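Notes to accompany the following structure.
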Amino acid sequence: IIMGIILVIVVSYTILGGMYSVVITDIFQFIVLLAGIVLISYYAIVHAGGINGMVDSVQAHYGDAGFDLREAPKYGLLFILWTALYYTAGWSSWQPVVQRVFSMKDGDTAKKLYRISSIFMFFRACMPMLWGIAALGVIGIIPDTQTALPNMLIRIIPAGMIGFIMIGFLSASMSTYDSYLLSFSAILTQDIVSPVLKKQIDGKRRMMFIRIGIIVIGFFIYFWGIYYDFTETVFRYIALTGSLAFAGTLTALVGGIYWKKASTTGAYLAFIASAIPPIVSLFVQEISPTNAGLLSFLLAPLSMIIGSLLLPDSNIASRQ
């Protein structure tokens with residue numbers, strides 16, 4: 001019920017205000033989220049015994065593997081390599097990011113957006129890691145690691161603060177949803193509806209199709225969230241579904257711009273090949289998402305090169 005109410009709110013203001021409403025609401029949501037981050041960090045570090053206490057807990061539970069990447073069983077050097085490729089692809093070609101860049105008035109403003117956003121993305125990635133280490137110090141190792149953070153918060157945060165922090169988390173979610181709804185509905189209109197109609201869509205009809213797309217995607221998100229049963233960690237699910245397109249997108253983008261022999265067939269093959277390892281890994285739990293992700297970034301350029309050389313475009317000028 002709560003998910004449905006939040007989704008209705010997000011869909012409504014995204015339909016009515018577009019990118020303008022996304023930017024305005026994101027500003028207020030960021031303020032609330034920032035306050036929540038500061039509160040969580042303070043209580044977590046204090047109850048974990050400070051930074052020294054957190055370091056001691058990692059040493060006690062994991063030994064050298066908690067500090068040496070070469071000995072890390074799960075998040076070692078290969079994981080860092082994969083995530084570096086993953087986020088390079090995502091922040092250079094992912095639809096919600098690219099749409100915001102294209103909304104800027106010029107290239108310099110877009111660069112400023114990237115510079116400022118990189119600071120917040122750094123903290124967005126690092127703060128949950130910090131809280132996870134604090135949770136290790138507060139409650140130790142538990143069987144279901146996904147519940148470690150909420151279990152710690154219940155123990156250390158005063159009752160009145162819990163509600164405020166939950167508002168911060170919901171604000172972060174809503175600021176993510178609105179960008180996704182707007183960008184993916186625009187893609188749906190441009191890449192599917194327009195080709196099916198076989199004619200250029202004017203501004204008024206385009207807005208209508210985008211708004212319909214937002215509603216359709218909203219329904220899909222709701223029912224997928226209700227009926228899909230997570231058989232893996234949320235991180236694994238998000239990383240693998242993102243990998244379905246990221247390696248192929250980055251390969252097609254770089255190849256299409258910088259390699260004169262790149263062909264349309266090669267680009268299609270890059271997308272297909274890069275999607276296979278993540279799809280298999282989603283259904284075969286024994287396959288590491290790190291290995292599947294790295295394999296995607298290996299198969300995509302290989303497929304692009306082989307496909308372009310064997311099946312070149314008949315008219316390079318038309319492709320450009």
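Keep in mind that this is a model prediction, so the values were computed, not measured.
For Tyr222 (side chain) and Val8 (main-chain N/O), no donor-acceptor pair under 3.5 Å exists by modelled atom type. A donor-acceptor pair is defined here as one N or O able to donate and one able to accept, closer than 3.5 Å; no such pair exists between the side chain of Ser194 and the backbone of Asp191. Using a distance-only test at 3.5 Å, with no hydrogens or angles considered, a donor-acceptor pair links the side chain of Ser296 to the main chain of Ser274.
You'll find the side chain of Ile221 reaches within 4.5 Å of the side chain of Leu181, heavy atoms only. Put simply, the side chain of Leu294 does not reach to within 4.5 Å of the side chain of Leu298, judged on heavy atoms. Taking the side chain as every heavy atom from C-beta outward, Phe297 and Thr88 never approach each other to under 4.5 Å. Residues Arg205 and Gln200 are not in side-chain contact: their nearest non-hydrogen atoms beyond the backbone lie 4.5 Å or more apart. The closest side-chain heavy-atom distance from Phe246 to Leu250 is not below 4.5 Å. Under the 4.5 Å side-chain criterion, counting only non-hydrogen atoms from C-beta, Trp259 is in contact with Ile305. Residues Thr251 and Phe271 fail the side-chain proximity criterion, which asks for heavy atoms closer than 4.5 Å. At a threshold of 4.5 Å between non-hydrogen side-chain atoms, the residues Met208 and Arg211 do not count as touching.
The environment of CE in Met161 is sparse: at most 12 heavy-atom neighbours from other residues, nucleotides or ligands sit within 6.0 Å. When the shell of 6.0 Å around OH of Tyr13 is examined, it contains more than 12 heavy atoms from other residues, nucleotides or ligands. Within a 6.0 Å radius of CZ in Phe219, other residues, nucleotides and ligands contribute 12 heavy atoms or fewer.
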Acceptor/donor pairs from residues 31-60 side chains to any protein atom, 3.5 angstrom cut, sequence neighbours excluded:
from	atom 1	to	atom 2	distance (Å)
Ser41	OG	Ile37	O	2.8
Ser41	OG	Trp131	NE1	3.1
His47	ND1	Tyr43	O	2.9
Ser57	OG	Met54	O	2.7

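Both Ile162 and Leu149 are assigned to one and the same hydrophobic cluster, defined by single-linkage of ILVMFWY side chains at heavy-atom distances under 4.5 Å. Under the 4.5 Å side-chain contact rule for hydrophobic residues, Val138 and Met127 share a cluster. Following chains of ILVMFWY side-chain contacts shorter than 4.5 Å, one cannot reach Tyr180 starting from Ile212, and the two form parts of different hydrophobic clusters. Grouping the Ile, Leu, Val, Met, Phe, Trp and Tyr side chains by contacts below 4.5 angstrom, directly or via other members, places Met129 apart from Met152. Linking ILVMFWY side-chain heavy atoms closer than 4.5 Å, directly or via other members, places Ile217 and Phe223 in a single hydrophobic cluster.
Going from atom OG1 of Thr265 over to atom CE of Met304 covers 10.0 Å, rounded to the nearest 0.5 Å. Rounded to the nearest 0.5 angstrom, Asn151 CG and Thr147 OG1 are separated by 4.5 Å. The CG atom of Leu153 sits 5.5 Å away from atom CD1 of Ile157, with the distance rounded to the nearest 0.5 Å. Taken to the nearest 0.5 Å, the CD1 atom of Ile80 stands 10.5 Å off from the OG1 atom of Thr290. The CG atom of Asp68 sits 8.5 Å away from the CG atom of Leu77 when rounded to the nearest 0.5 Å. With rounding to the nearest 0.5 Å, the separation of CD in Gln190 from CD1 in Ile201 is 7.5 Å.
Taking both residues in full, the closest heavy atoms of Ala300 and Ala270 are given as O-CB, 3.4 Å, listed atom of the first, atom of the second, then distance. For the pair Leu269 and Ser303, the tightest heavy-atom approach, listed with the atom from each and the gap, is O-CB, 3.6 Å. Nearest heavy-atom pair across Ala110 and Val101 is CB-CG1, 3.7 Å. The heavy-atom pair separating Pro312 from Leu309 by the smallest distance is CD-O, 3.9 Å. Across Ser308 and Ala262, no two heavy atoms sit closer than the pair OG-CA, 3.5 Å. Nearest heavy atom pair, residue Ile287 against residue Ser281, reads O-OG, 3.2 Å.
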Evaluate Phe220 against Val216 for side chain to side chain contact (heavy atoms under 4.5 Å, CB included), listing each step before the verdict. CA-CA 6 Å; Phe220 173 80; Val216 171; 5.7 Å; no
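Taking the six-membered ring where tryptophan is involved, the planes of Phe79 and Trp82 are perpendicular, since the angle between them exceeds 60° and thus also 30°.
Judged purely by distance below 3.5 Å, without hydrogens or angles, the side chains of Asp178 and Thr14 never pair a donor atom with an acceptor atom.
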